[in-house]
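Sequence lines set the chain letters: A, B, ... in the order given, protein chains first and strands last, and positions in each chain run from 1. Keep in mind that the numbers below use all heavy atoms, side chains included, and drop hydrogens, waters and symmetry copies.
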Number of protein chains: 2
Amino acid sequence: MTTHTSSSIGRYASKFVDLTAEELTTFTAAFKEMKVKKRQFLVQPNFVAKHRYFILKGALRAYVVGEEGQDHTIQLAIEDWWISDYNSYMFQQPASMFVMAVEDSLLLQISFEDEQQLKAASYKFETFFRILAERSVAFMQRRVITNLTQTAEQRYDVFVEKYPAMVNRFPQYVIASYLGMTTEFLSRIRNHKLKG
Amino acid sequence: MTTHTSSSIGRYASKFVDLTAEELTTFTAAFKEMKVKKRQFLVQPNFVAKHRYFILKGALRAYVVGEEGQDHTIQLAIEDWWISDYNSYMFQQPASMFVMAVEDSLLLQISFEDEQQLKAASYKFETFFRILAERSVAFMQRRVITNLTQTAEQRYDVFVEKYPAMVNRFPQYVIASYLGMTTEFLSRIRNHKLKG
DNA sequence: AAAAAATGTTGAACCAGTTCAACATTTCAG
DNA sequence: CTGAAATGTTGAACTGGTTCAACATTTTTT
């Protein structure tokens, strides 16, 4: 089992940096496997997000609750994605988000301190986390552009096209809130498509 | 002049990593000072963004042009901020954005290749760029949250409160498009405030 | 298998923000 | 200093998306 775990995050890291067998061991040792049940919370507002999570199996979402109680989904994550409240995790300040499992999930968790140690221990680990952050920046910039330039229906179409694997694993109201529209409106968009 | 330049970007980098005199020299040498006139373009769609820019003096914006010709401002930048089309710069792919000077500006430019060399040359430089990217992630996550949860008027209020230095340096239609609303609507919000 | 909880659908009224058009004001190049 | 370009304002009609409420369907729990 440790073998399986190691190879997952190890394989992932090896996509970005070239690690020796020893480095791979040190790297994977910083992660702890963890099971969570559907609807379990990993991060809650006002508490500091002490970990970030890599998803081996399952599906999670990060969301904030608005003043009138509406959910706003900030991030969706399935296998091979990372999730946390990054504003909280990176600066170790109180979170504004919930991170919740949408399915029973199997995760690898790394603590802020252990991540700092990895970065301090090896140039290559520092590079790995730099690449991770840069990719997030590019991803989020694309999201900002989409939100600013597309209509609700276009945003949904782009989402389905880019993340087909996610469409069937999150309830409709979660996808709607991720795309910045109401459940009802997404329902209408979908049913509209069936007809023409 | 080199002295002034060096100390600006050097002082900036020193906020995040502890550099020796020699490292400072290597670091600042990778940057090239550059003047741009108001309305000059630094990045254009379909061309690869070969540089990122640190602003010594002046103001710039990054924007995409929508299908119906409307501007959508993705980023604003003044002194001590960085700007580029990061999706293009980081992956060296064709840009989707314009980056344009809004005032006559004085910049420090670094090329993608030189940045790669800095990162490869020193652990500390790698750390510096990692921190830069992480801060961007946190910043953009806050922007996504604001866009998803606030009304147009609230977004404007938050902007004025957080970036008062920017309010008077960008034309109203630029700020409006950054905040995801029309010029006309921002005009109404502002005039509405004068009365009550 | 039944009850409860969560999720999805539909209609109709509504509204935050847009659009268009005309005009006012400010900035800037020559 | 002047004219043109850029920027900002206002009104009135309009619309993409929301809200609310009631009901339908699916999933989960016991």
- For every nucleotide of nucleotides 12-30 of chain D, 5' to 3': is a protein heavy atom under 4.0 Å from its base (B), only from its sugar-phosphate (S), or from neither (-)? B----BBBB-------S--
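Applying the side-chain contact (heavy atoms from CB on, under 4.5 Å) rule to A:Lys162 yields the partners A:Arg142, A:Val158; only residues at least two apart in sequence or on another chain are considered. Judged as a salt bridge (Lys or Arg N to Asp or Glu O under 4.0 Å), and not counting sequence neighbours, the contacts of A:Lys37 are A:Asp104. When the side chain to side chain donor-acceptor pair (under 3.5 Å) test is applied to A:Glu115, the partners found at least two apart in sequence or on another chain are A:Arg52, A:Tyr89, A:Lys119. In terms of the salt bridge (Lys or Arg N to Asp or Glu O under 4.0 Å) criterion, residue partners of B:Glu79 (sequence neighbours excluded) are, by chain and number, B:Lys57, B:Arg169. For A:Ser14, the side-chain contact (heavy atoms from CB on, under 4.5 Å) test picks out A:Leu24, with sequence neighbours left out. In this structure B:Ala62 satisfies the side-chain contact (heavy atoms from CB on, under 4.5 Å) test together with B:Gln75, B:Ile83, B:Met97, B:Val99, sequence neighbours excluded.
Protein atom CG of B:Asn168 is 15 Å distant from nucleotide atom C1' of D:dT7, rounded to whole Å. Separating the CD1 atom of A:Ile189 from the P atom of C:dG8 is a distance of 14 Å, rounded to the nearest angstrom. In this entry the distance linking CG of A:Asp71 with P of C:dA6 reads 13 Å, nearest Å. One interatomic measurement links the two molecules: NE2 of B:His192 to P of C:dA16, which rounds to 11 Å at whole-angstrom precision. Nucleotide C:dT18 holds its C1' atom 12 Å from the CD atom of B:Glu68, rounded to whole Å.
Each end of the helix from C:dA1-D:dT30 to C:dG30-D:dC1 gets its own rotation axis from five pairs of C1' atoms, and the angle between them is 60° to the nearest 10 degrees.
Side-chain atoms of B:Thr25 come within 3.5 Å of backbone N or O of B:Ala21 as a donor-acceptor pair.
Hydrophobic clustering, defined by side-chain heavy atoms of Ile, Leu, Val, Met, Phe, Trp and Tyr closer than 4.5 Å, groups B:Tyr123 together with A:Tyr123.
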